[in-house]
Every structure is written in C-alpha cells, then in structure tokens.
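Everything below concerns the one structure shown next.
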Amino acid sequence: MSQVFALVDCNNFYASCEKLFRPDLKDRPVAVLSNNDGCVVARSKEAKTLGLKMGVPVFQIRDQIERHDIVCFSSNYALYADMSARVMSVLEQEAPEVEIYSIDEAFLNLTGVSHAEDLTEFGLRIKHKVHQWSGISVGVGIAPTKTLAKLANYAAKKYPATQSVVNLMDPERQRRLMALVDVSDVWGVGRRISERLKSQGIHTALDLADANAKSIRKEFSVVLERTQQELNGLSCLDMESIAPVKQQIVCSRSFAERITDKPTLQQAVAKYTARAAEKLRGEGRVAKSVQVFIRTGLFNNNDPRHVGSLTSRLATPTSDTRLLMKATDQLLNKLYRAGYRYAKAGVMLSDFFDPHHQQMDLFTPTHNSKSETLMSVIDSINHKAKGKLFFASQGVTPQWLMKREQLSPAYTTNWNELPVVR
DNA sequence: TAGCTCCCATGGGTAACC
DNA sequence: CCTGGGTTACCCATGGGA
C-alpha cells in the first residue's frame, strides 16, 4: 500500500522563538548567533530580506548589522527546546505517528488518514493549530515519500500562494515541481555531491529522478540511489518514531579566548568530561572508549598549528565522572604541547554498554553502587539547580567560557529570570 | 602446510543533516 | 583580533581468522 508522509517545519525557528517574547521586535530584522556568538545561524523574515546570509561570521558583517539595526541574540537553547516541545505536543495530538526529526521539524505518518479528510485540509488545520497553541508558524509538505515531503515543504515555504501547505501526492505535480528545483536543494544532496552531479549534466531534482539508477549507484553511493528512488515515489526511508540508542556522545566547544596554558585547558576538558558523563548517564549507559581532542584556530592563522586526538579504552566501561575525568586528564597530558594557541577542545565517549549486563574482567573490582548513588545525587541536584554542583578540576571562575553577550532571558523555564514589567 | 579467497571487525576520513 | 555543535552513515583500507 502506498504511504503518506507529512513534513512539518517551523519557520525561522530560533528567530521566531526570540520574537515571540519580544513583541516590540515585530517587523524588525532579528538574527540568532551560534555558540560563542560566532556565526549567524537563524534569521527572521526581515533579516533574510535584508540579504543577511546564513552561516556568515559575525565579525564580517558588523557594519551591515549596524546599518540596518539588526537585533542579534546569542543562542538560547533552553528556550528553543521548550518551544519545540510545545510544537511537537500539538503534532502528537493531531497525527497518529510522529517522528521528531530535529528541534524544528517532524515527520508525520498520515497513511490511512487520507480517507477521513482531504490531505491539504489536514495540513492547513495542523498549521493553524500549531500557531494558535504555540505562536510558531510552520510549513507543511505532504507526499508519498520522506524526500518528496521535504521537497513539498520547500515549495510551501518558497511560494506564498500555497499558504504554506503543499500536497505533493500527485506524480504529475511532483515532476512539475522537481523540474523547478535545483539538485542541491534535494534532501541528502549536499555541496560536494551537487557539484559532481552538475558536472554530469544533472542540474534539477527532475534530472536526478530520471538519471540512470545503475550509474548513480556506481558513481555515487547507495545513499544517493535511495534518494533517487524516493524522488520517484518509491519510499525507502521509514518512520523512526522511537529514538535510536546513541552510539556516541560528544561535548566540545570553542573558547571565547585562545588558551595557551595547560591548567586552563585541563579545566575545559574536565568540564566537557563532566557534561559528557552526565549525558551518558541520562542515556542509562556506560562507555568503554574515551577520546580527547584539542586544536588551534582553523582560519587565516600564521600561528603554529596543532590538531591532536587520543583515545583510551577503559578496562571496564563506566559512567562515573571521576573515572572518566581521570582518563581524559591523562589523555590531555599526552596531547598538550606548550607554545600553541588552542581554540577548541572536546571529549567524545563511545563504545557503549548496558550497565546491568556488563562484561566484567578478572582484575577490576566489580561495578560499585556507591558510584551510582553519588552520580545520581549529583545529577538530580544539577537538574534542579543547573550546574551548581561541579568538580573542583573544572575550575571555579573560568575565563575561557564561551561568549554569549546577547543572551535572552529564560522566558519559559526560569520564572525568576523574567524581566519585570510594570 | 603454503597459499588463496572471503568475510568481518575496526578505524580514519568524508559527507550529510539540523 | 574575531568563523558552532552534535550526530549518523557510508566508504575504504587493513588485517586477522576460517
């Protein structure tokens, strides 16, 4: 039986979240910056109209920001996550099956819904209800495959006449749209692959759909072959409503200022280790493999360069912050070289196990419940009082913390931070 | 038993996505 | 001077059994 997927995607999500709580900024250009206030990662409609580009470093467009009086925000992930949850809960009320694909988009499985209601009507209803309940506006694309649903969503955003809802169930309509869409705008086709496709005369989504399947497989990959089949209405990608178990956890960050000395770098690595361990416990797992990486700046640097990473395999997998910190500190000791200006460091955990049926070895004392208790006490305190409890090795007043100079208040998650309005 | 192929695990690198 | 963070999947080379 043929399937029906919808893709619901929030418009300018981060910028919309910031605007929601600042009605005074209605109709004003707003930009949201990446961690460290480094790049532009989201723009309001007005900012896009002004030609503000996605991903550009802020220092390169200071004058543009000044000239047009663009309001900039540091990213406030807690706010976006909370708004996302509100949007998703509306979708979950309306659709029989929801796959939360990212913070601002979700696939709905509408297979079987089609008889009860016209699909376009369904899309419009969802759009209205999400807006009514969360204040966020969304686009809806409906199609027989996920890739086509993405494409329909792209059209819903691009063409205002659609009222932000596009029903792409009809094959003729699919082909008409695909002829207008650049291959690079197809889901799964990035920069490199679109360049290679274009050198072979494949310029539009339709060109890709009609290309020779054998040669796509041979010269590119199974992944692109699947994309091609999906463009032709053959569903290869199913709903993944249950989140797959994580295979790795990374915690890394650029520093506000370059770090040259080892003790400071040690603090940073300790902090990232603590955060990664916390995430690991949140997943209910233990890790056997621990990696640390450090690197100097990436761009226009006459500075000496150093990138390095080292991995250690623990005798026994663990989620105990103390043991993981011991490991990462040893790795950093081997990795660190004096005389470099480090810009970023990170900790990666992988090779996960279920702590309750764990492979023991002969020489290490067995899993102790003291550690488990201590860690869960730390986690529950930090859950209530965010990050108030930490290890001394993380440093008490770190100077290298990321830059977040334009952070908005925690409107939805911390009542105490709300600005006083009279 | 030397030598061959096949298969699988592993690890580094690339590309994609949001 | 100042350029994000996190995750997965795949490809390919390698090397050790069977």
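Just so it is clear: chains get the letters A, B, ... in the order the sequence lines come, proteins before strands, and each one is counted from 1.
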Take the protein atom [atom1] of [X] and the nucleotide atom [atom2] of [N], then report the distance between them rounded to whole Å.
X: A/I103; N: C/dG5; atom1: CD1; atom2: C1'; result: 12 Å
X: A/Y101; N: B/dA16; atom1: OH; atom2: C1'; result: 8 Å
X: A/R404; N: C/dC2; atom1: CZ; atom2: C1'; result: 19 Å

Looking for any heavy atom pair under 4.0 Å, which part of the strands does [X] touch: base, sugar-phosphate only, or nothing?
X: A/V250; answer: sugar-phosphate
X: A/R313; answer: sugar-phosphate
X: A/I193; answer: sugar-phosphate
X: A/R226; answer: sugar-phosphate
X: A/V40; answer: nothing
X: A/I249; answer: sugar-phosphate
X: A/V58; answer: nothing
X: A/R62; answer: nothing
X: A/Q247; answer: sugar-phosphate
X: A/V189; answer: sugar-phosphate

Within this structure, what is the CZ-OG distance for the pair A/R285 and A/S319, rounded to the nearest 0.5 Å?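 A/R285 atom CZ to A/S319 atom OG measures 11.5 Å (nearest 0.5 Å).
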
Closest to side chain of [X], choosing from [options]:
X: A/F59; options: C/dT3, B/dC18, C/dC11; result: C/dT3
X: A/R192; options: B/dA16, C/dC10, B/dC18; result: B/dA16
X: A/K150; options: C/dG5, B/dC17, C/dT7; result: B/dC17
X: A/D104; options: C/dC2, B/dC18, C/dT7; result: B/dC18
X: A/W187; options: C/dT3, B/dA16, B/dC18; result: B/dC18
X: A/R253; options: C/dT8, C/dG6, C/dG4; result: C/dG6
X: A/E105; options: C/dC2, C/dC11, B/dC18; result: B/dC18

5'-most contact on DNA chain C: A/N35 or A/V245, nearest heavy atom basis? A/N35

Please compare A/C39 and A/C251 by the position of their nearest nucleotide in DNA chain C and report the one closer to 5'.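 The residue closer to the strand's 5' end, by nearest nucleotide, is A/C39.
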
Are the aromatic ring centres of A/F5 and A/W187 under 6.0 angstrom apart?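 Not under 6.0 Å, so no.
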
Using ring centroids (six-membered ring only for Trp), state whether A/Y80 and A/Y14 fall under 6.0 Å. yes

Within the pair [X] and [N], is there a side-chain N or O less than 4.0 Å away from OP1 or OP2?
X: A/K246; N: C/dG6; answer: no
X: A/S252; N: C/dG6; answer: yes
X: A/S34; N: C/dG5; answer: no
X: A/R196; N: B/dT14; answer: no
X: A/R258; N: C/dT3; answer: yes

Strictly below 4.0 Å, N to O, side chains only: are A/R281 and A/E278 in salt-bridge contact? no

Give the ring-plane orientation class for A/Y342 versus A/H306, where under 30° counts as parallel, over 60° as perpendicular and anything between as tilted.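 Correct class here is perpendicular.
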
Residue pair A/K48, A/N12: steps toward the side chain to side chain donor-acceptor pair (under 3.5 Å) verdict: CA-CA 10 Å; A/K48 285 180 185 172; A/N12 320 324; 2.7 Å; yes

